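Data block below; observations after.
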Amino acid sequence: MRLSRSLVPTLKEVPAEAQIASHRLMLRAGLVRQTAAGIYAWLPAGLRVLNNIADIVREEQDAAGAQELLMPTIQAADLWRESGRYEDYGQEMLRITDRHKRDLLYGPTNEEMITDIFRSSVRSYKELPQIAYHIQWKFRDEVRPRFGVMRGREFLMKDGYSFDLDYPGAVISYRKMMLAYMRTFQRLGVKAIPMVADTGPIGGDLSHEFIILAPTGESQVFYDAAFEEVDYSAGNFDITAPDDLARFYDTMTGSYAATDEKHDTAAWEQVEASRRREGRGIEVGHIFYFGTKYSQAMNFSVTGADGKPVNPHGGSYGVGVSRLVGALIEASHDEAGIIWPDSVAPFQAGVLNLKQGDAVTDALSEDVYGKLSAVALYDDRSERAGVKFNDADLMGHPWQVIIGPRGAAAGRVELKRRATGEREELSVEDALAKVGTKRL
RNA sequence: CGGGGCGUGGCGCAGCCUGGUAGCGCGCGUGUUUUGGGUACACGAGGCCGCCGGUUCGAGUCCGGCCGCCCCGACCA
């Protein structure tokens with residue numbers, strides 16, 4: 001994209017409402033714009049990040065054998081009356097009435113709907129297990145939205161649902177999702193710790209939260225260094241092999257991890273001192289097994305091998321996709337701006353033409369941009385060099401290809417790595433080779 | 001939902017106490033200037049002062065109601 005023709009409204013000053021780093025930076029870098037309390041419009045650069053994260057989540061879900069579908073945002077209240085949650089959910093649920101005075105709601109989650117879909121189409125134990133997920137907008141009418149997209153009312157979430165014939169099967173699905181999550185967070189460039197969680201209003205007795213580490217996180221976390229040492233790749237764990245899943249699960253649950261609320265000082269002291277890690281964290285995912293809660297309440301049964309009906313065991317698995325945009329920034333930024341991990345950056349590189357209007361730098365900049373256009377944002381504005389440097393740092397491109405009259409005459413450019421600040425002067429070919437010209 | 005605060009050009013703010021024809025910085029436009037980390041100067045455009053009502057000769061300013069937004073707490077992906 002050419003910045004001069006792009007809706008990327010960077011700001012020098014911070015809008016008054018933004019308190020935390022990620023919110024300030026998202027507004028300043030032109031990623032989002034608030035349209036109502038806790039509701040945001042995603043501008044082009046922000047949408048690219050959101051999509052990049054969603055793509056990684058999707059790839060790992062697919063790799064774990066989950067199948068993508070798409071359920072609607074608006075749901076009928078009757079479905080929720082079946083499970084009893086229409087009454088239980090309270091004020092957080094946004095209730096809507098249509099012209100025929102029928103009760104509808106803007107979905108905060110989809111257990112009822114997925115159960116309804118399964119019960120009307122899955123009849124035999126031979127069709128299970130299955131895991132289905134979608135990436136869809138949700139709405140929870142938070143009393144107090146805050147922290148920008150980290151705690152918005154409207155948010156993009158990947159929610160997945162598993163159905164197994166019995167508990168042992170459900171445990172395997174649960175472990176698959178846990179491994180898929182660890183792989184997902186690893187690819188997003190953050191450290192994630194799974195922690196035993198309360199099962200909350202949805203019920204069940206097997207549940208983990210995924211906390212990613214960020215210095216400004218909402219809660220204090222204590223964990224064993226083991227979590228940082230595990231190799232989650234397919235080479236180490238085969239996600240289709242129950243034995244590997246068990247080994248993985250034992251690794252995850254065998255080491256200490258807790259937020260301050262549940263911190264157990266005695267247990268903590270059992271951890272070898274050199275392995276104790278402490279930090280701040282942000283919850284970005286939550287998985288839980290809920291057994292037959294919905295299949296019973298909503299009459300979802302399949303015929304078992306013995307010819308008798310069985311209520312499948314379910315689990316659900318959420319990742320806050322839009323929240324992750326903010327969380328990743330909390331985990332990776334500095335005074336100057338965002339430092340995107342390569343895997344999610346809206347643009348791999350910013351091409352900075354330091355002397356717009358100069359024939360030599362213009363020609364070289366156009367040439368470089370032409371080769372990088374799929375992955376770069378070309379700053380072709382008639383701005384001073386300082387403005388371009390500052391905006392590039394703010395937007396957080398992993399690479400900056402800096403093209404000024406000093407090197408352009410010799411056909412050389414400067415390549416800056418945002419994360420480290422390192423700069424080196426290179427030929428165009430070498431710079432392009434380092435940046436890469438294809439989308440990651 | 002309890003407590004606190006704020007709504008004035010695109011953004012950040014002053015003006016309100018003590019009513020009298022709306023101001024500053026940034027940004028934006030034009031020109032000159034500058035040219036490797038937010039250049040300088042000049043000129044210029046841009047505001048039903050959140051909305052409704054009241055008091056008053058006169059309301060951004062005083063009074064009442066409403067709406068919106070933010071912060072702290074309790075609650076959540």
Side-chain angles (χ1 to χ4, degrees), chain A residues 9-20 23-24 27-28 30 33-39 53 57 89-93 107-110 135-160 181 197-202 207-212 218-219 261 281-288 316-327 335-337 352-358 360-361 379 381-394 400-408 412-414 416 421 423 425:
Chain A
T10 57
L11 302 171
K12 208 192 253 188
E13 290 181 279
V14 195
E17 74 264 19
Q19 298 297 316
I20 61 165
H23 191 193
R24 285 199 297 267
L27 293 170
R28 286 194 55 214
R33 187 150 169 187
Q34 180 170 323
T35 63
I39 302 179
I53 294 173
V57 169
Y89 222 91
Q91 298 278 298
E92 284 207 345
M93 179 185 280
T109 177
N110 287 67
I135 297 173
Q136 177 64 290
W137 293 94
K138 305 282 189 297
F139 196 93
R140 287 183 198 167
D141 199 1
E142 297 275 351
V143 252
R144 193 185 156 210
R146 61 185 127 169
F147 304 149
V149 301
M150 296 249 286
R151 178 116 176 247
R153 292 193 292 172
E154 188 183 55
F155 56 97
L156 187 64
M157 178 176 172
K158 186 287 296 182
D159 44 321
Y181 276 31
D198 283 331
T199 49
I202 301 181
S207 176
H208 284 84
E209 285 175 357
F210 294 81
I211 306 277
I212 66 171
E218 58 208 345
S219 49
E261 295 162 344
I282 300 169
E283 185 188 347
V284 293
H286 198 160
I287 62 178
F288 37 86
S316 67
Y317 314 91
V319 175
V321 176
S322 51
R323 166 178 274 201
L324 268 165
V325 179
E335 284 301 302
L352 312 195
N353 180 345
L354 296 191
K355 195 170 183 183
Q356 198 73 32
D358 175 85
V360 179
T361 54
D379 193 342
R381 297 173 300 172
S382 306
E383 291 289 351
R384 303 200 79 227
V387 173
K388 298 191 180 191
F389 285 132
N390 281 312
D391 274 348
D393 286 347
L394 172 62
Q400 290 172 23
V401 183
I402 299 162
I403 302 169
R406 217 155 68 187
R412 295 177 75 78
V413 301
E414 195 171 296
K416 173 179 167 180
R423 298 155 166 260
E425 195 178 296

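Letters go in sequence order (proteins before strands), and every chain restarts at 1. Since this is a predicted model, take the numbers as computed values, not measurements.
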Give a yes/no verdict on base stacking between B:G36 and A:F389: centres under 5.5 Å, planes within less than 30° of parallel.
no
Mind checking [X] for me? I need base, sugar-phosphate or nothing, with any heavy atom below 4.0 Å counting as a touch.
X      : answer
A:E13  : base
A:D391 : base
A:L11  : nothing

Carboxylate-amine/guanidinium proximity below 4.0 Å for A:R423 and A:E414
yes
Does atom CD of A:Q91 have more than 12 heavy-atom neighbours from other groups under 6.0 Å away?
no
Across every strand shown, the nucleotide meeting Watson-Crick or G-U wobble geometry with B:C69 (both distances under 3.5 Å) is B:G5
So, OP1 or OP2 of B:U35: does either fall under 4.0 Å of a side-chain N or O from A:Q356?
no
Pairwise P distance, B:U35 and B:C43 [rounded to whole Å]:
24 Å
Sticking with atom C1', work out how far B:A14 lies from B:U32, rounded to a whole angstrom.
32 Å
Could you state the CZ-C1' distance from A:F147 to B:C76, rounded to the nearest angstrom?
12 Å
Using atom names, set out every protein N or O paired with an N or O of nucleotides 27-31 of chain B below 3.5 Å, distance rounded to 0.1 Å.
residue	atom	partner	partner atom	Å
B:G27	OP1	A:K12	NZ	3.2

